[in-house]
Structure formats: C-alpha cells, structure tokens
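A quick note: this is a predicted structure, and the numbers were derived from the prediction, not measured.
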Amino acid sequence: SLLYCVIVLLLLSNIFVLISKQIHIPVVISLIYFGIILSFSSFLKKIIIPHLNEISILGDIGLILLMFIAGVKSSDYFYNKNFKDTILISFISFFSSFTISFILSKFLGFNNLVSTIIAVCMSVTGESVITKVLMENDMLNSDIGSLIMGSGLIDDITGIILFTIILYNFSSEIVYREYINLFCILSLFILGFVYKKKITNYKLYNFFEKSVMVLLVPFFFIYMGINVDISSSTNFKFIFLLIIIAIIGKVGGTLIAKPFVKPNLEQLHLIGWGLNTRGGIGIALTLIAVRNKIISKQIYSSLVIVILM
C-alpha cells in the first residue's frame with residue numbers, strides 16, 4: 001500500500017541521514033546519495049514504482065519547501081557589502097559556464113534545446129551545500145563567504161528564470177504542472193531570502209524546517225534516484241568532459257572577472273571553487289527535463305553524477 005511505501009522510505013532515508021551526520025555529510029548531500037542508492041535496489045523499486053506518481057507529487061512539495069528553507073538560510077551580507085562585485089562575479093561565472101557547456105554539448109551532437117538545458121544545469125550552484133561548508137569554517141559573513149553566497153544566489157535565480165523561458169518558448173512537451181513548480185520554487189526561494197529575519201523569529205519555524213526535512217524532502221531525492229540509470233551504456237566520457245568543463249567554467253569564469261572586481265586572484269580562486277559546488281537546484285532542473293522527455297535518462301543520469309562530483 002501507499003502508506004507502507006511512505007513509512008518504509010521515510011524510515012530508511014532518515015536512518016541514512018543520521019548515519020551520514022556522524023561522518024559530517026550535509027543532509028542534502030546524504031539524501032542525494034540515498035536517492036542514488038535506491039536506483040540499485042530492485043526490492044525498493046518494486047515498492048516505489050506502483051506509487052511513483054504519488055512519490056513524485058510529495059517530492060515536488062518537498063523540493064518547493066526545500067527551496068524556501070534554502071532562501072531563509074542564504075546569507076544577505078553581500079547586499080550591504082560587495083554588491084557590485086557579487087553581481088559581476090555571478091554573471092561572468094554563470095555565462096562562462098553556460099557558454100562552455102553549450103559548446104561542448106553541441107560538439108557532442110546534441111540539439112539546441114538539449115544543449116541549452118545541459119548548459120543551464122551546469123551553470124547553477126549548490127547554495128545549501130556551500131552554506132554548510134562556510135558555516136563550519138566560520139566564513140559565512142566574511143567577504144569571500146558573502147561573495148560566494150551572493151553570487152550563488154544570483155546564479156540560481158538566473159538559472160531558474162532562464163530554464164523557464166527556454167521551456168516556454170522551445171518545448172511543446174512541458175506540462176503546466178512544471179511551470180507551477182518552477183514558479184513556486186523561484187517565488188518561495190526569494191520569499192525566504194527577503195523575509196528571512198522575520199521568518200526565523202517565529203517560534204515554530206525550527207519545528208517547521210525539521211518536519212519538512214524529515215517528512216517531505218526525502219521524497220524529492222527518492223524520485224530523483226529512481227530515475228537514475230547507471231549501467232554499461234552510461235557515457236563516462238561525457239561525464240568526465242562535463243566535470244572538466246564545469247570546473248573551467250566556474251573557476252575560470254570567476255578569474256576572468258579580475259579586471260572588474262576588488263578581490264585578488266587568490267580570493268577569486270577560492271570564490272570560483274565555492275561556486276563550483278552543485279546541488280538541489282541543478283538536480284531539480286534536470287529532473288523536470290527528464291520527466292517531460294526533453295532529455296534522455298542517460299543524459300539525466302550523467303548530469304546527476306556530475307552534480308554529485
């Protein structure tokens with residue numbers, strides 16, 4: 001039954017998260033790995049597949065609320081300091097990654113739509129991942145930390161808007177449910193960021209966040225994992241090239257900004273590596289693309305592996 005499926009998956013995912021915390025793996029990353037592990041389990045697939053539509057809906061709700069939480073957790077330090085540098089670094093690194101990824105995809109024979117989707121997914125960052133790293137190193141409100149968080153925030157917003165525009169204008173396959181999802185992801189992400197101080201002052205917010213992370217967010221990563229297909233047909237050459245291009249695009253793109261911004265090359269190098277992290281937004285966009293048959297499962301699986309790297 002659906003209830004049995006939900007209980008089993010919640011128990012397993014949260015046990016996996018608890019174990020991961022013991023070895024200092026962030027919650028979002030551990031859930032991504034849990035989703036990937038599911039793709040190898042024939043037993044769990046048998047439980048999930050009959051209820052795939054319900055899991056997908058729960059996953060969408062979990063993703064939307066996860067983006068709201070990510071917005072609340074995002075640092076706004078850059079807004080009062082380094083705002084100009086943040087804008088410049090963000091756009092230069094984003095469009096460097098986008099351009100290089102698009103050229104590689106076209107060179108490998110993909111059409112314009114698929115190449116553009118790949119490029120967008122390679123250009124966004126992992127805010128939730130880098131937030132945890134910066135907090136652990138007491139760098140969240142430092143100059144470098146604020147530039148990474150601010151640029152990553154703008155990258156993600158730019159990526160979601162560009163992805164939505166591309167789908168609306170060039171894909172006839174997309175269903176209206178996905179436009180609603182993208183609108184909710186973007187609006188709640190921004191809402192969480194803008195009203196973070198008021199939101200975190202509510203006594204029930206911590207309870208709300210923990211409940212969402214335990215009861216809903218796992219379903220997004222479970223649905224993500226069940227769509228991953230790592231087999232002998234996986235194009236590891238494509239994966240390797242994407243990893244190289246991803247690093248060149250973000251780190252190289254950030255270094256290119258040197259003539260226009262205050263940070264020195266060493267600082268820009270650190271910022272570039274910070275922006276090279278990927279996570280929830282990238283996976284969400286690839287999942288929407290594969291769910292609507294815009295990209296193949298092979299491309300989707302390759303992108304998920306690159307995001308994990």
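More than 12 heavy atoms of other residues, nucleotides or ligands shown are found within 6.0 angstrom of CZ on Phe208. Surrounding CG of Leu11 are more than 12 heavy atoms belonging to other residues, nucleotides or ligands, all under 6.0 Å away.
Using a 4.5 Å cut-off on side-chain heavy atoms (C-beta onward), Ser93 and Ile271 make no contact. Residues Ile87 and Ile154 form a side-chain contact, since some pair of their non-hydrogen atoms from C-beta on lies under 4.5 Å apart. Within the 4.5 Å cutoff, the side chain of Arg291 has heavy atoms near those of the Asp60 side chain.
Here Phe110 and Phe238 bring their ring centres to under 6.0 angstrom of each other.
For the residue pair Thr286 and Ile283, the shortest heavy atom distance occurs at OG1-O, 2.8 Å. The two residues Asp155 and Val124 have their closest heavy-atom pair at O-CG1, 3.8 Å. Of all heavy-atom pairs between Ile47 and Pro50, the closest is O-CD, 3.6 Å. Minimum heavy-atom separation, Ser97 to Gly249: OG-C, 3.2 Å. The two residues Asn276 and Ala246 come nearest to each other via the heavy atoms OD1-O, 3.1 Å. Minimum interatomic distance between Ser105 and Ile118 (heavy atoms only, all atoms of both residues): OG-CG2, 3.5 Å.
Judged by distance alone, with hydrogens and angles left aside, the side-chain atoms of Tyr300 form a donor-acceptor pair with the main-chain N or O of Met224 at under 3.5 Å. Panel note: side chain Lys258, backbone Asn264; no donor-acceptor pair is recorded below 3.5 Å. For the pair Ser56 (side chain) and Leu52 (backbone), a donor-acceptor distance under 3.5 Å is absent. Listed for the Ser90 side chain is no donor-acceptor partner under 3.5 Å among the backbone atoms of Thr86. Checking side-chain atoms of Asn292 against main-chain N and O of Ile294 turns up no donor-acceptor pair under 3.5 Å.
Classification of the Phe98-Phe102 ring pair by plane angle, with boundaries at 30° and 60°, yields parallel. The aromatic rings of Phe16 and Phe34 lie tilted to each other, with the angle between the two planes from 30° to 60°. Taking the six-membered ring for Trp and thresholds of 30 and 60 degrees, His269 and Trp273 have ring planes more than 60 degrees apart, a perpendicular arrangement.
Within the model, atoms OG of Ser123 and CG of Asp156 stand 11.0 Å from one another, a figure rounded to the nearest 0.5 Å.
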